[in-house]
Amino acid sequence: MKRAFFDRHADIVARDLIGVDLRFDGVGGLIVEAESYDPEDPASHSYGWRMTERNRTMFGPPGHAYVYRSYGIHWCLNFTCKDVSAVLIRALEPRHGIETMRKRRGTDDIAKLCSGPGRLCQALAVTRAQDGMSLLKPPFAMREAREAAKVRRSVRIGITKAPDALRRFTMAGSEFLSRRV
DNA sequence: CGATAGATCGGCT
DNA sequence: GCCGATCTATCGC
């Protein structure tokens, strides 16, 4: 994956991420669900261009991991994009290191390994330690989709602000989404 | 099944 | 203090 891939708006990047193979330390799978956020968006951490200690990575260069703590318990992985926009990675189709994911997640249910932003971070062992890391080099590895995936667009999950924005992108027919479209 | 309470952190009002 | 880009356990039907 080239840096130019991320040097576009999160809406475009999120769409193109569907079907991409993502690994962290060799563990991962295909991205099947992602959401886009930007400074104009009330649901975004970068809303109003206000930089804080938590969201500072979003204001940095595209192509980096922005990891934040959610509800005091879970970690969520985002990819930084152009103009302080970002893509929240919400679900993977497990492909690599499935046994490792099972151990970390404490379940054998393959549909629950990476189906949700908190779950996939636990499965890949992504934490605050990865915040600010480049996605273009190890331990991250990304490979473009072999063929263009069929992508669906719908409303985002679990937010209260701007609930009607069509900024959730999913792989059509995937069994590994955090929720049905 | 579906609904809901509870865990627990950081940033804001 | 309060709320959230969440997940799990545990209810009740």
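So that the names make sense, note that chain A is the first sequence line, chain B the second, and so on, each numbered from 1.
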Would you say a side-chain N or O of [X] is under 4.0 Å from OP1 or OP2 of [N]?
X: Arg50(A); N: dT13(B); value: yes
X: Ser178(A); N: dT6(C); value: no
X: Ser70(A); N: dC9(B); value: no
X: Arg119(A); N: dT8(C); value: yes

Among the candidates [options], find the nucleotide nearest to the side-chain atoms of [X].
X: Arg54(A); options: dC7(C), dG10(B), dA5(C); answer: dG10(B)
X: Pro117(A); options: dA5(C), dG11(B), dC7(C); answer: dC7(C)
X: Tyr71(A); options: dA5(C), dT6(C), dA7(B); answer: dT6(C)
X: Ile73(A); options: dC7(C), dT8(B), dA5(C); answer: dT8(B)
X: His74(A); options: dC7(C), dG11(B), dA5(C); answer: dC7(C)

Legend entry - Note, Ile89(A) side chain near Phe79(A) side chain (heavy atom, < 4.5 Å):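 Yes, at least one pair of side-chain atoms sits under 4.5 Å.
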
Inset, instruction - Taking the side chain as every heavy atom from C-beta outward, state whether Phe176(A) and Cys114(A) have any pair of such atoms under 4.5 Å apart. - result: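 SC-SC contact between Phe176(A) and Cys114(A) ruled out.
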
Over how many whole Å does the gap from [X] atom [atom1] to [N] atom [atom2] extend?
X: Trp75(A); N: dT8(B); atom1: CH2; atom2: C1'; answer: 12 Å
X: Tyr68(A); N: dC12(B); atom1: OH; atom2: P; answer: 14 Å
X: Tyr47(A); N: dC12(B); atom1: OH; atom2: C1'; answer: 15 Å
X: Arg180(A); N: dG2(B); atom1: CZ; atom2: C1'; answer: 16 Å
X: His45(A); N: dC3(C); atom1: NE2; atom2: C1'; answer: 11 Å
X: Arg179(A); N: dT6(C); atom1: CZ; atom2: C1'; answer: 12 Å
X: Asp164(A); N: dA5(C); atom1: CG; atom2: C1'; answer: 16 Å
X: Arg69(A); N: dA5(C); atom1: CZ; atom2: P; answer: 16 Å

Legend entry - dA5(C) - base-pair partner by Watson-Crick or wobble geometry, distances under 3.5 Å: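 Across all strands, not a single nucleotide pairs with dA5(C).
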
Legend entry - Who pairs with dT8(B) - Watson-Crick or G-U, where each distance is under 3.5 Å: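 Base-paired to nothing in any strand shown.
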
Legend entry - Passing candidate, side chain to side chain donor-acceptor pair (under 3.5 Å) with Glu33(A), options Arg152(A), Arg168(A), Arg179(A):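 By the side chain to side chain donor-acceptor pair (under 3.5 Å) criterion, Glu33(A) pairs with just one of Arg152(A), Arg168(A), Arg179(A): Arg168(A).
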
When we call it a touch if two heavy atoms are under 4.0 Å apart, what does [X] touch: a base, just sugar-phosphate, or nothing?
X: Asn55(A); answer: nothing
X: Gln122(A); answer: nothing
X: Arg90(A); answer: sugar-phosphate
X: Arg167(A); answer: nothing
X: Arg105(A); answer: sugar-phosphate

Inset, instruction - Give the ring-plane orientation class for Phe140(A) versus Phe24(A), where under 30° counts as parallel, over 60° as perpendicular and anything between as tilted. - result: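 Ring orientation of Phe140(A) relative to Phe24(A): tilted.
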
Legend entry - Short N-O contact, Arg180(A) and Glu175(A), less than 4.0 angstrom: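 Yes, charged N to carboxylate O under 4.0 Å.
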
Legend entry - salt_bridge(Arg167(A), Asp38(A)) N-O dist < 4.0 Å: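 Judged by the 4.0 Å cut-off on N to carboxylate O distance, Arg167(A) and Asp38(A) do form a salt bridge.
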
Inset, instruction - Using the P atoms only, state how far dT13(B) lies from dA5(C), rounded to an integer number of Å. - result: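 Looking at atom P only, dA5(C) and dT13(B) are 14 Å apart.
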
